[in-house]
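Structure first, then comments.
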Amino acid sequence: MSPQEEKHLLSQMLLIRRFEEKAAEMYSLGKIGGFCHLYIGQEAVAVGAISALLPEDYVVSAYRDHGHCLAKGSDPKKVMAELFGRIDGLCKGKGGSMHFFDTATHFLGGYAIVGGHLPVATGVAFALKYQQKPQVVLCFFGEGAVNTGAFHESLNLASLWKLPVIYICENNRYGMGTPVERASSLYNISLRGSGYGLHLEQVDGMDVLQVRESVTRAVDRARNKQLPSFLEMRTYRYMGHSMSDPSHGHYRTKDEVEEQKKRDPIQQFFKKLSAEKVLDEQTFKKMDQKIQQEIEGVIAYADASPFPPLNTLTTDVTVEGTR
Amino acid sequence: MPSILYREALNQALREEMRRDDRVFLMGEEVGYYQGAFKVSKGLLEEFGEKRVIDTPITELGFTGVGVGAAMMGLRPVIEMMTFNFAILAMDQIVNNAVKIQYMSGGQFRVPMVVRGPGGPSRQLAAQHSQSLESWFCHVAGLKVVAPSTPKDAKGLLKSSIRDGNPIIFIEGQELYSQKGEVPEEEYLIPIGQGEIKKEGSDVTLIAWSKMLHLAMDVARDLEQKGVSVEVIDPRTLKPLDVPLLVSSIKKTHRAVIVEEGWRFCGLGAEISSILYGQAFDAFDAPIERVTGIDVPMPYAKNLEKAAIPDKERVMAAIKKTLN
Ligand SMILES: Cc1ncc(C[n+]2csc(CCOP(=O)(O)OP(=O)(O)O)c2C)c(N)n1
């Protein structure tokens, strides 16, 4: 990997982090409403995984979708405008935080029913194979989704039909207030996929390069052999489950969160790059400042965008004409 | 009478029924250690322990089905949906098992269970988390559907539901958990199938339940000052519906407006209209008006969301139409 590419990974993680911090601020100001699930702490998974894709590959996500959408290349201005519920948002203000979609970047959605999008991702892979297209699809979800029927039905079908899909479980250890040990019959989440004969891996999700390598292998299997994979990324979310949840909640201790922050994916990667003399503290700071400035522009753009006109309430419910 | 919150009333109902009958248990996501996503089960784990207050993984179809099997074996499950949006995943267990086993078995088995949790649109939660699904359940033969609007009704009806011998869908108002209201100190039950006149009036009957009841009351109070006397009826139980109560009110006011948060097409309001026309056609001086949610998935944007659900202006306009 070139130093240029490495710096790009770092700046993408930083962009997501700063974007999310600003989103939290905007939420508390009432600019953003509804549920808002922040991704802070998990940036290495989105950035590492999506960096292993080609732009024409597809990504499907759950309700914690800001990071995936940005990493796939959506315009942060449009992403923020969607959070603001404005007409210039990715989905004209109709989707909100949990439902980003972007055809331009091949981002096929954020979905709010736990596990509900896994069969959809499987169907996307089905279509790719059917149409003999070379692309693959990445599907992100939390470890909570692994207990749903949809997970097991999807993995079975993908393996049975040899579909080019990569299931990425972001095991951040908690589904809302329930630790994985109280929700899963096996704590080793990667083994939960073992009944279906697909490729399994367990990865340090705080290490962007490890994530990238693992997903690169899986992409190769998907693209060249049409074989699915199930990857467990061990990661951690710093914030509460959503904005209504206090940051550490009563289901985990502050100490635990602080301990986990020592593995911070951005700091770790910066330290590595600085040790390798790819970039120094000064350049890193400049990078950060530039990103923070960009985010100011993002906010200004979102805030200037009008609310959707009322006549859009009934558009896009059904389409006219034949197909 | 002490004034308590809707969520506290539900909590009291659960607590009292669990104390009364050790076959009753509560099962669902985050009901135990987290004390409920909306804090309805606060303190229950502490009192009844893990055997009877059971945290589940995210497996709506699975744990609802577990409820069915347990009910067949003589237990009294109360199954919590974190929100009714997720009951869609459990629909197969509710529609194909819970409600049919008594019939299919020729009465050999019963399935006394309550599936409860919050329903209805809530602030900017968007399409997959903001919907009123009561019409879906009302459509299913054999299912009873309850949707209380006040703390007193919530407590009395939940206790009756837990004691009932059938599967019951008990939809709480997601926006009502912090509503306060007077609740008797002594033990009481509210029968399933009995509506209530929440405000007497003589010019028009306003029919509304759950969160919409409060909108209806608000409108009625406003119109009262303008000299229009509105009778507000809360069916409380959507199925079976208290038809005699509604019919007697129509015979008094000769007009009706139904306010429903859910989608219009095939909505419960359509069924209620049909029943009322069938039983009191001659009593009407004006066609029934229905104020409903717009037939769209719920948008996220604040202004669009507001336009998608019934509001005061629309209810006022509907009432005016029946009076002209
Ligand atoms: C079917 C369903 N049940 C319950 C919920 C409520 N809910 C939303 S997120 C969540 C926890 C999910 O945890 P996990 O899959 O681990 O993802 P994470 O939040 O950790 O990213 C729950 C219970 C839901 N959205 N869908």
Exercise. For chain A, which residues from residues 259-271 of chain B have at least one heavy atom closer than 4.5 Å to it?
Worked result: none

Problem set entry | Close approach to chain A in residues 311-319 of chain B, criterion heavy atom under 4.5 Å | none

Exercise. Under 3.5 Å, is there a donor-acceptor pair between the side chain of B:Tyr300 and the main chain of A:Leu83?
Worked result: yes

Problem set entry | Value rounded to 0.5 Å, distance of CD1 in B:Ile294 from OG1 in A:Thr314 | 8.5 Å

For this session: Could you check A:His99 against B:Gln128 for side-chain contact (heavy atoms from CB on, under 4.5 Å), going step by step and ending with a plain yes or no?
Result: CA-CA 9 Å; A:His99 308 298; B:Gln128 295 185 330; 3.2 Å; yes

For this session: Give the C-alpha distance, both sets of side-chain angles, the deciding distance and a yes or no for side-chain contact (heavy atoms from CB on, under 4.5 Å) between A:Lys94 and B:Leu304.
Result: CA-CA 8 Å; A:Lys94 282 179 172 167; B:Leu304 297 187; 4.3 Å; yes

Problem set entry | Within-4.5 Å side-chain heavy-atom neighbours: A:Asn147 and B:Ile58 | no

Exercise. Counting only heavy atoms not in B:Lys39, do more than 12 sit closer than 6.0 Å to its NZ atom?
Worked result: yes

Seminar exercise, completed: When the 4.5 angstrom heavy-atom criterion is applied to A:Phe84 and chain B, the contacting part is backbone

Exercise. Should the heavy atoms of other residues, nucleotides or ligands under 6.0 Å from CD of B:Glu46 be counted, would the total exceed 12?
Worked result: no

Exercise. Parallel, tilted or perpendicular for A:Phe35 and B:His129, by the 30°/60° rule?
Worked result: perpendicular

Exercise. Checking B:Glu30 side chain against A:Gly177 main chain: does a donor-acceptor pair fall under 3.5 Å?
Worked result: yes

Problem set entry | Over all atoms of both residues, closest heavy-atom pair of A:Leu310 and B:Ala307 | CD2-CB, 3.9 Å

Exercise. Where on B:Leu89 is there a heavy atom nearer than 4.5 Å to chain A: the side chain, the backbone, both, or neither?
Worked result: side chain

For this session: Grab the two heavy atoms, one from B:Ala126 and one from A:Gly95, that are nearest each other, plus how far apart they are.
Result: CB-O, 3.6 Å

For this session: Could you tell me whether a side-chain N or O of B:Asn303 sits under 3.5 Å from a main-chain N or O of A:Pro308, the two making a donor and an acceptor?
Result: yes

Exercise. For B:Tyr33 and A:Tyr251, what are the C-alpha separation, side-chain angles and deciding distance, and is it a side-chain contact (heavy atoms from CB on, under 4.5 Å)?
Worked result: CA-CA 8 Å; B:Tyr33 285 90; A:Tyr251 50 86; over 6 Å; no

For this session: Return the option, out of B:Leu125, B:Asp295, B:Thr56, with the maximum number of heavy-atom pairs under 4.5 Å with chain A.
Result: B:Leu125

Problem set entry | B:Phe86, part contacting chain A, at a heavy-atom distance under 4.5 Å | side chain

For this session: Heavy-atom distances under 4.5 Å only: say whether A:Ile32 touches chain B with side chain, backbone, both or neither.
Result: both

Exercise. Of the listed residues (A:Lys92, A:Met98, A:Arg86), which shares the most heavy-atom pairs with chain B below a 4.5 Å separation?
Worked result: A:Met98

Exercise. At what distance, to the nearest 0.5 angstrom, does CE of B:Met82 lie from CE of A:Met176?
Worked result: 4.0 Å

Problem set entry | B:Leu61, part contacting chain A, at a heavy-atom distance under 4.5 Å | neither

For this session: Report, as yes or no, whether the 6.0 Å neighbourhood of atom NE2 on A:His250 holds more than 12 heavy atoms from other residues, nucleotides or ligands.
Result: yes

Problem set entry | Nearest-0.5 Å distance, NZ of residue B:Lys306 to CG of residue A:Leu313 | 12.0 Å

